[in-house]
Amino acid sequence: MDLRDLKYFATIAELGHLGRAAEKLNRSQPALSKSIQRLEESLGARLFKRDGRRIKLTDVGELLLARGRQLQMSIAETEREIRDFAGGLTGTIRLGCAASMAEYLLPQLTAALLERAPDLLLKLSIAQDDVLRESLRSDRLDVIICPLVADEEHFVSYPVLEDEMVVVASAEHPLFDGPVELKDLCQYRWVLGAPTVSARRWIDNAFIEHQLPVPVVQVETNTISMLPRLIAQTRLLSFVAREILEHGQGMSRLREVPLAQTTMLRSIGISLPAGRYIPPAANALVELLRENGRRFFREV
């Protein structure tokens, strides 16, 4: 089985059309037809069937496409592993970090890592935890730093520290005029992350568990830590890490709404893909965080 034939097969399967695949691959249609014929002869089964003007995969074709993707990923990992082995702590780390902690973690962590591996190329991605986990699953990132979730079978994770998420509002918010109950928060709108973000799911569930409506979101964003002025100048509420409230830039005009029902204890850590090649430099990053993670998180 020729790897080039597998590449052509995957492109044809993706586009569902031989002519468009020929254009994309800069090959003639007869050449692609012969490529598919070679694969079918070697496997003894049909890979495509007609579906109107398009072609679609047979069951055997679906299986070959899945196995072909695994093979391509394995080849790419082997090539990268050999380059990394030859280069020691050089190479590239694709690091993802949750937006809520990037500001006060990455400067110290990056400085320590580059001191240990001065020729390293660090590709940083800042996003919410749901986006980071999907990027790690799909091999777009090597390591992520974000709140840990239970029973994530695709990852190997190491906790670094515990922190808390709390509700915040402008220091002049009417909520602080007297005693505050959970139901009082339902009178105001919120700045929150997307519904797939773990902190958003948690705060929604906190209200549901007390038979109250979930927060009404007026601003949905992936950079809540960057919006202190918006919250300070409105009656909007938000849900942020206590570290951000205490140390983040521009947070002095905000104040915690002290309610046990809306204080979320969470574990922050690093996650790597289970069963996949990890570059030496990425392992060095993991060691740094496991040894000094608390200091990196606390230094501001």
Looking at Arg137 and Glu134, does any basic side-chain N land under 4.0 Å from a carboxylate oxygen?
yes
Let me check something: do Ile231 and Tyr188 share a hydrophobic cluster, defined by ILVMFWY side-chain heavy atoms less than 4.5 Å apart, either directly or through other members?
no
With a 4.5 Å cut-off on side-chain heavy atoms, are Val257 and Val168 touching?
no
Return the CD to CD distance between Glu181 and Gln261, rounded to the nearest 0.5 Å.
9.0 Å
Just by modelled atom types, is the Val191 backbone N or O under 3.5 Å from a matching donor or acceptor in the Gln218 side chain?
no
Same cluster or not: Leu288 versus Ile268, using hydrophobic residues (I, L, V, M, F, W, Y) connected whenever any side-chain heavy atoms lie under 4.5 Å apart?
yes
Heavy-atom side-chain proximity of Ser238 to Val167 below 4.5 angstrom
no
Are any of the side-chain heavy atoms of Phe155 and Leu272 separated by less than 4.5 Å?
no
The test is side-chain contact (heavy atoms from CB on, under 4.5 Å); show your working for Lys24 and Arg20 and say whether it passes.
CA-CA 6 Å; Lys24 182 173 181 178; Arg20 285 197 285 273; over 6 Å; no
Which distance, rounded to the nearest 0.5 Å, do you find between the OG of Ser157 and the CD1 of Ile145?
12.0 Å
Tightest non-hydrogen contact, residues Cys146 and Ala98, listed as CB-CB, 3.9 Å
OG on Ser271 to CG on Leu136, rounded to 0.5 Å
7.0 Å
Distance (rounded to the nearest 0.5 Å) between Leu18 CG and Gln29 CD:
4.5 Å
Expected output: side-chain Arg200 to main-chain Gly193 donor-acceptor under 3.5 Å
yes
What I want to find out is whether Glu164 reaches Arg266 closely enough, with some N-O distance under 4.0 Å, to be called a salt bridge.
no
Is it the case that the side chain of Asp184 and the backbone of Val180 share a donor-acceptor pair, with hydrogens and angles ignored and the cut-off at 3.5 Å?
no
Distance, nearest 0.5 Å, that separates CG of Leu124 from SG of Cys97:
8.0 Å
With clusters defined by side-chain heavy atoms of hydrophobic residues (ILVMFWY) lying less than 4.5 Å apart, directly or transitively, does Ile203 cluster with Leu212?
yes
Decide yes or no on salt bridge (Lys or Arg N to Asp or Glu O under 4.0 Å) for Glu172 and Arg235, but give the supporting numbers first.
CA-CA 9 Å; Glu172 290 79 35; Arg235 292 189 175 185; over 6 Å; no
Would you call Thr110 and Leu122 a side-chain contact if the rule is heavy atoms closer than 4.5 Å?
yes
Got a sec, which residues hit side-chain contact (heavy atoms from CB on, under 4.5 Å) with Arg4, two or more places apart in sequence or on another chain?
Asp2, Tyr8
What do the steps show when you test Ile12 against His17 for side-chain contact (heavy atoms from CB on, under 4.5 Å), and what is the final call?
CA-CA 6 Å; Ile12 297 168; His17 193 279; over 6 Å; no
Nearest 0.5 Å, please: how far is CD in Gln37 from CG in Leu32?
12.5 Å
What pair of heavy atoms forms the shortest contact from Leu132 to Gly96, and how long is it?
CD2-CA, 3.7 Å
Looking only at non-hydrogen atoms, find the nearest pair between Arg133 and Val149 and report the distance.
NH2-CG1, 3.1 Å
Could you check whether Arg94 pairs with Asp139 (Lys NZ or Arg NE/NH1/NH2 to Asp/Glu carboxylate O, under 4.0 Å)?
yes
Working note: Met165 + Trp202, criterion side-chain contact (heavy atoms from CB on, under 4.5 Å); need CA distance, chi angles, decisive distance, verdict.
CA-CA 10 Å; Met165 295 280 289; Trp202 189 93; over 6 Å; no
Tell me, do Phe239 and Leu192 make a side-chain contact under 4.5 Å, heavy atoms counted?
yes
Quick check: is Leu175 connected to Trp190 through a chain of hydrophobic side chains (ILVMFWY, heavy atoms under 4.5 Å apart)?
yes
Just wondering, do Asp142 and Leu95 contact through their side chains at under 4.5 Å, heavy atoms?
no
Flag the pair Tyr158 / Val286 as yes when at least one side-chain heavy-atom distance between them is below 4.5 Å, and no otherwise.
yes
Arg201 versus Pro195, closest heavy-atom pair with distance
CG-O, 3.1 Å
Measure the shortest side-chain to side-chain distance between Glu256 and Arg242 over non-hydrogen atoms and say whether it is less than 4.5 angstrom.
yes
Please indicate whether Asp59 has more than 12 foreign heavy atoms, meaning atoms of other residues, nucleotides or ligands, lying under 6.0 Å from its CG.
no
Ignoring hydrogens and geometry, is there a side-chain-to-backbone donor-acceptor pair from Thr58 to Arg46 under 3.5 Å?
yes
Criterion salt bridge (Lys or Arg N to Asp or Glu O under 4.0 Å) on Glu287 and Arg290, from CA distance to verdict
CA-CA 5 Å; Glu287 290 176 9; Arg290 296 186 71 183; over 6 Å; no
What are the two closest non-hydrogen atoms of Thr234 and Leu230, and how far apart are they?
OG1-O, 2.9 Å
Heavy-atom pair with the smallest gap, counting every atom of Val143 and Ala282
CG2-CB, 3.9 Å
Report yes or no: do Phe9 and Leu43 belong to one cluster of Ile/Leu/Val/Met/Phe/Trp/Tyr joined by side chain heavy-atom distances under 4.5 Å?
yes
I would like to know whether Ile93 and Leu113 meet side-chain contact (heavy atoms from CB on, under 4.5 Å); could you show each step before the answer?
CA-CA 11 Å; Ile93 298 179; Leu113 181 62; 4.1 Å; yes
